[in-house]
Asker: 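Here it is, the structure in full.
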Amino acid sequence: MSLNTIRHDYKITKADREKRNGHPALLLWFTGLSGSGKSTLANLVEVALHKLNIATFSLDGDNIRQGINKDLSFAPEDRTENIRRIAEIAKLMVDAGVLTLAAFVSPYIKDRENIKTIVGEANVIEIYVNTSLAECERRDVKGLYKKARSGEIKNMTGISAPYEAPEHPDLELITDHQSIEESVQIIVDFIVKKLK
């Protein structure tokens, strides 16, 4: 924290914004291997929540890395900084009264715990999109696994870099043999109960 800054507290609070929106503001954090379906699920869950008149916004790994985090690599220390910055953005979104969906590999437990510290544990719902490495490689939507196996990509989570699965996620979806529609409905039902 800079020694020459002072936090300014505004008169309109998170609670005021939540009251106006008619629902609590939360961060839905989707974690899992590349190709597990995090972004697809977050996108479809946002569509469903939008239809329920819930104020939403999505943050996505590839999109963030093309903008605010384009200066970061995939080395462990840069992955940690990537997640820290996203958590700070998500905190602003939650403070704005918005239900925020974040889809990021976020491979390290310590980084996901730090998200809860930054945003506030009560505001974070960790959703583990548990898809086997074999299934992610079979899908290989972006061709990343093929490149990683041939040595073109270094620090590929699940191949040459670790993925530390959540020990106690708020919601776990095992998607190898579950349709996208089923997964979306499970998440939406879970969230709607939380918003009541």
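Not measured: the values here are computed from a predicted model.
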Asker: Check the pair Y163 / T31 against side chain to side chain contact (heavy atoms under 4.5 Å, CB included), numbers first and verdict last.
Answerer: CA-CA 10 Å; Y163 178 79; T31 181; 2.8 Å; yes
Asker: Quick one: does any side-chain atom of K38 pair with a main-chain N or O of A102 as donor and acceptor, under 3.5 Å?
Answerer: no
Asker: Should the heavy atoms of other residues, nucleotides or ligands under 6.0 Å from CD1 of I180 be counted, would the total exceed 12?
Answerer: no
Asker: Distance from I54 atom CD1 to I191 atom CD1, nearest 0.5 Å?
Answerer: 9.0 Å
Asker: Rounded at 0.5 Å granularity, tell me how far CG in N63 sits from OG in S58.
Answerer: 9.5 Å
Asker: Y145 side chain to S34 main-chain N or O, any donor-acceptor pair under 3.5 Å?
Answerer: yes
Asker: Examine the side chains of T13 and D16 and answer whether a donor and an acceptor come within less than 3.5 Å of each other.
Answerer: yes
Asker: Rounded to the nearest 0.5 Å, what separation is found between the CZ atom of F190 and the NZ atom of K194?
Answerer: 4.5 Å
Asker: Given side chain to side chain contact (heavy atoms under 4.5 Å, CB included), test T157 with L33 step by step and report yes or no.
Answerer: CA-CA 7 Å; T157 303; L33 292 172; 3.9 Å; yes
Asker: Taking atom CH2 of W29 and atom CD of E126, what is their separation to the nearest 0.5 Å?
Answerer: 10.0 Å
Asker: Is a donor from one side chain sitting under 3.5 angstrom from an acceptor on the other, for D176 and S132?
Answerer: yes
Asker: Determine whether D111 and S106 make a side-chain contact, defined as any pair of heavy atoms from C-beta on separated by less than 4.5 Å.
Answerer: no
Asker: If I take atom CD1 from residue I127 and atom CG from residue L28, how far apart are they, to the nearest 0.5 angstrom?
Answerer: 5.0 Å
Asker: So if you build clusters from Ile, Leu, Val, Met, Phe, Trp, Tyr with side-chain heavy-atom gaps below 4.5 Å, do L27 and M93 land together?
Answerer: yes
Asker: Determine, stepwise, if the pair F30 / I187 fulfils side chain to side chain contact (heavy atoms under 4.5 Å, CB included).
Answerer: CA-CA 11 Å; F30 294 75; I187 298 167; 3.7 Å; yes
Asker: Looking at T56 and T100, would you say the former's side chain and the latter's main chain have a donor-acceptor pair under 3.5 Å?
Answerer: no
Asker: I'd like to know if the side chain of N21 and the backbone of G97 have a donor-acceptor N/O pair within less than 3.5 Å.
Answerer: yes
Asker: Is the side chain of D95 donor-acceptor paired with the backbone N or O of K14 at a distance under 3.5 Å, no angle test?
Answerer: no
Asker: Compare every heavy atom of R149 with every heavy atom of E137, then report the nearest pair and how far apart it is.
Answerer: OE2-NH2, 2.7 Å
Asker: With a 4.0 Å cut-off, would you call D71 and R85 a salt bridge?
Answerer: yes
Asker: Can you get from F57 to L52 by hopping between Ile, Leu, Val, Met, Phe, Trp and Tyr side chains that sit under 4.5 Å apart?
Answerer: no
Asker: Using every non-hydrogen atom in the two residues, find where G35 and C136 come nearest and quote the distance to one decimal.
Answerer: C-SG, 3.8 Å
Asker: Is the backbone of L72 close enough, under 3.5 Å, to the side chain of N82 for a donor and an acceptor to pair up by distance?
Answerer: no
Asker: Do you know which two heavy atoms are closest between S36 and R139, and how far apart they sit?
Answerer: O-NH1, 3.0 Å
Asker: Can you establish whether the number of heavy atoms outside E121 located under 6.0 Å from its atom CD is more than 12?
Answerer: no
Asker: Looking at K116 and E113, does any basic side-chain N land under 4.0 Å from a carboxylate oxygen?
Answerer: yes
Asker: Does L41 reach the side chain of L173, with side-chain heavy atoms less than 4.5 Å apart?
Answerer: yes
Asker: Testing the basics here: between P107 and R79, what is the closest heavy-atom pair and its distance to 0.1 Å?
Answerer: CG-NH1, 3.8 Å
Asker: Any heavy-atom pair between the side chains of P166 and E172 that's under 4.5 Å?
Answerer: no
Asker: Take R138 and E135, measure what salt bridge (Lys or Arg N to Asp or Glu O under 4.0 Å) needs, and give me the verdict at the end.
Answerer: CA-CA 5 Å; R138 187 191 67 73; E135 177 62 16; 2.7 Å; yes
Asker: Locate the shortest heavy-atom distance separating I109 from E167; write the atom from each residue and the value.
Answerer: CD1-OE2, 3.9 Å
Asker: Hydrophobic clusters here meaning ILVMFWY residues chained together by side-chain heavy-atom distances under 4.5 Å, can you tell me if V129 and V124 are in one?
Answerer: no
Asker: Using only atom types and a distance under 3.5 Å, with no angle test, would you say the side chain of D60 pairs donor to acceptor with the backbone of I64?
Answerer: no
Asker: In this structure, would V105 and I159 fall into the same cluster of hydrophobic residues linked by side-chain contacts under 4.5 Å?
Answerer: yes
Asker: Which heavy atom of Q178 sits nearest to which heavy atom of S183, and what is that distance?
Answerer: NE2-OG, 2.8 Å
Asker: Going hydrophobic residue to hydrophobic residue with side-chain gaps under 4.5 angstrom, can you get from V98 over to I118?
Answerer: yes
Asker: Run the salt-bridge test on E81 and R84 with the 4.0 Å N-O cut-off and return the result as yes or no.
Answerer: yes
Asker: Is K193 atom NZ crowded by more than 12 heavy atoms from other residues, nucleotides or ligands, each under 6.0 Å away?
Answerer: no
Asker: Distance check, rounded to the nearest 0.5 Å: I115 atom CD1 versus I86 atom CD1?
Answerer: 8.0 Å
